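Just so it is clear: chains get the letters A, B, ... in the order the sequence lines come, proteins before strands, and each one is counted from 1. Source: prediction; values computed, not measured.
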Amino acid sequence: MTVLTSTDDREPAIWTDGLAKNYGNTVAVDDLHLEIAPGEVFGLLGPNGAGKTTTILMLLGLSEPSAGQARVVGLDPTRQALEVKRRVGYVPDNAGFYGGLTGQQNLEYTAQLNGLDPATRRDRIASLLDEVGLAERADEPVRTYSHGMRQRLGIADALLKDPEVLILDEPTLGLDPRGADQVLDLVNDLASQRSVAVLLASHLLGQVQVVCSRVGIFVDGRMVASGTVDELAAQHGGRLVVEVQTAQDDELEDQDLEERLRDLPGIVSVHREGELWLVGAQHDARQDIATRLQEAGLTVVHLRQRSEELGAIYRRYFAEEGSGDTVG
Amino acid sequence: MTPSDSTWTSAVGGRVVTWLRTANELGRRLARPLRGPAARIRERMLSRRATRRSGWRVVAEKEFADHITSIRFLVLLVVIGLACLAAVVSAASFLRESATEASDATSVFLLLFTQSPEQIPSFVALIGFLGPLLGIAFGFDAVNQERSDRTLPRLVSQPIHRDDIVNGKFVAGLAVIGLTLVALVALTAGVGIVRMGITPSAGDVARLLLYLVVALVYMGLWLAFALLCSVLLRRPATAALVAIAAWLVFTLFGTFLASLAADAFSGEGQIAQARTEYSLSLVSPSTLYENSSAALLNPEVRSVGLLLPQDLERAVPGPLSLDQSLLVVWPQVTALVAASVVMFTLGYVAFLRQEVRA
């Protein structure tokens, strides 16, 4: 096992090259290039019907690509589907369970399908149910579960096989904010504690932003942009906004401060918004801003990069690429 | 099929399924809080195994446990059990009354299964009529229920082959049907033994076992057909309705339709017409089943189908040995097996070719 993981470290968890899927004349996924490193949380962001689920099904070997190739944990999903499915956990969108069976029994079935032995099954099911906060309801039929509980049970279900890659399709769809937060917290914990590569498909930007280290924007079967949130912002002529707040007792003319900041390289705009100074920059200028303010003898009490610019990019892509929806 | 479903089919089918489902739910609800025997059986069946099993066995065990603990199974078992009980009790009293004729028979014991006094059909006829229903009941929602419950994507993403799912479901259905059938035959035989005081000979048992195989294949054919419906039709209601419609056509109106068609197509002469009619009726699995079981359970039967006086000329009446009986209906038995295999293959291929999400 240790030998395996040490070699796998070099290998991307998910890699695709020109992956495409057509249904007749309709193109579901077109020329997809994707690379996700082990332990990375990647967000596949796109509107409904963009081809996210089709992509996922191809990665799991459940749907055959029309062109291109894919490697998941170094394996070809089309030829080695069984081995891929042994190592990849999948939470389908709106995952369903057998309503008459208890949560524990549902997981037991999955564990058996994965060929786990009884002792491992018992331990793993108990600890996972505990982890997703369902231990108390484990012996109740799933039909009494709320939507959020089912979604968390879905994550426990996917983790039973102790996967190297976890694929989540719209994990927060239809959940109230609290339920969504619980699911996202869970994903966050997973990524940090288990070093599982996570592919999270969603159409909700805010949630993808919270958990994903890298994001790909997926519209009409094509990946129109990918990278970290900052990279995306920079790539597309967007700018970053840094919030700065200095300590109240620092006496310095607003004018003076504004000028000092404007001097810095790559700064586009500086203006005040209540307590905060909003500094528009072409790159991550937090370091520069902090040093400059320190030189001026100011105490920085708040310095944070806003990433709301991604929203603008996302919307722009939707407006451009997704325009076909409204026309056709 | 789905968009063009007319409203009345959905309405009627919906009611049938709602009824079955409510019954099912009711059963589970009854079983759970009581921690009743059904729940215990389920626990025991599922927790015992230690070694790694192939995917279809895991699926089959889960499905089998579901079937056995469902109220659907209980209802069918009770209904068909009562019908068979009525059949055997009346057959036994009928045989007693006509003891003199019966004593000529080679095997009085087997007459219990094939004899029928006026109103009540014999055991064999009952299974011919109700058996398909049993097959349909354990197959019509096998795949489409998983689809509408959204459990299918989760199931296919487990490390099992795609066909493990459909194989496992078929095996589970067949196992439940087999169990029911054996129970019913045992019940009938037991009642017969007690009421009539006759015991089966080794030959009777052998014939009965062969009959069991034929009956199982016959019901398996209907199970496979229901499974095919559940793959092709999105809604369990529609699948149940289509399967039940086919059942009615083949078991109730089969002979009627065959004679109608023979009337229309065959040329001159009563014999020619009767021949056409018989050939046409062979399309129906019920005819194949009835012919096969008639010969297998009765050593006196030397021929099935159309029998003309000249066929009987110089024939020496006498019982046939088991292999000779089997030979008489070999074409029917093979046709039945072939039809089942073809039907299952259709469902299998349809399921494998289907997109996971559709």
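Legend: salt bridge (Lys or Arg N to Asp or Glu O under 4.0 Å) pairs involving residues 122-134 of chain A, not counting sequence neighbours, sorted by first then second residue: A/E131-A/R194.
Your options are A/G96, A/A158, A/G61, and the one with the most heavy-atom pairs under 4.5 Å with chain B is A/G96. Contact count against chain B (heavy-atom pairs under 4.5 Å) is highest for A/N94 among A/N94, A/T54, A/V91, A/I167.
Listed in order of number, the residues of residues 150-158 of chain B that approach chain A to under 4.5 Å between heavy atoms are B/R150, B/T151, B/P153, B/R154, B/L155, B/V156, B/S157, B/Q158.
For chain B, the nearby part of A/D157 is the side chain; its heavy atoms alone come within less than 4.5 Å. Only the side chain of A/L57 has a heavy atom closer than 4.5 Å to any heavy atom of chain B.
The side-chain tip of B/K62 points at the ring of A/Y98 from less than 6.0 angstrom away and within 45° of straight on. Geometric assessment of A/K52 against the ring of A/F218 yields a negative cation-pi assignment under the 6.0 Å and 45° thresholds.
B/D141 and B/S230 are not linked by any side-chain donor-acceptor pair at a separation below 3.5 angstrom, with hydrogens and angles left out of the test.
Taking 4.5 Å as the limit, some side-chain heavy atom of A/L160 sits within range of a side-chain heavy atom of A/L128.
Between B/F225 and B/W222, the angle of the ring planes goes over 60°, which puts this pair in the perpendicular group of the 30/60° scheme.
Closest of all the heavy-atom pairs between A/G51 and A/T55 is O-OG1, 2.7 Å.
Residues B/W56 and B/F170 place their aromatic rings such that the two centres sit no closer than 6.0 Å.
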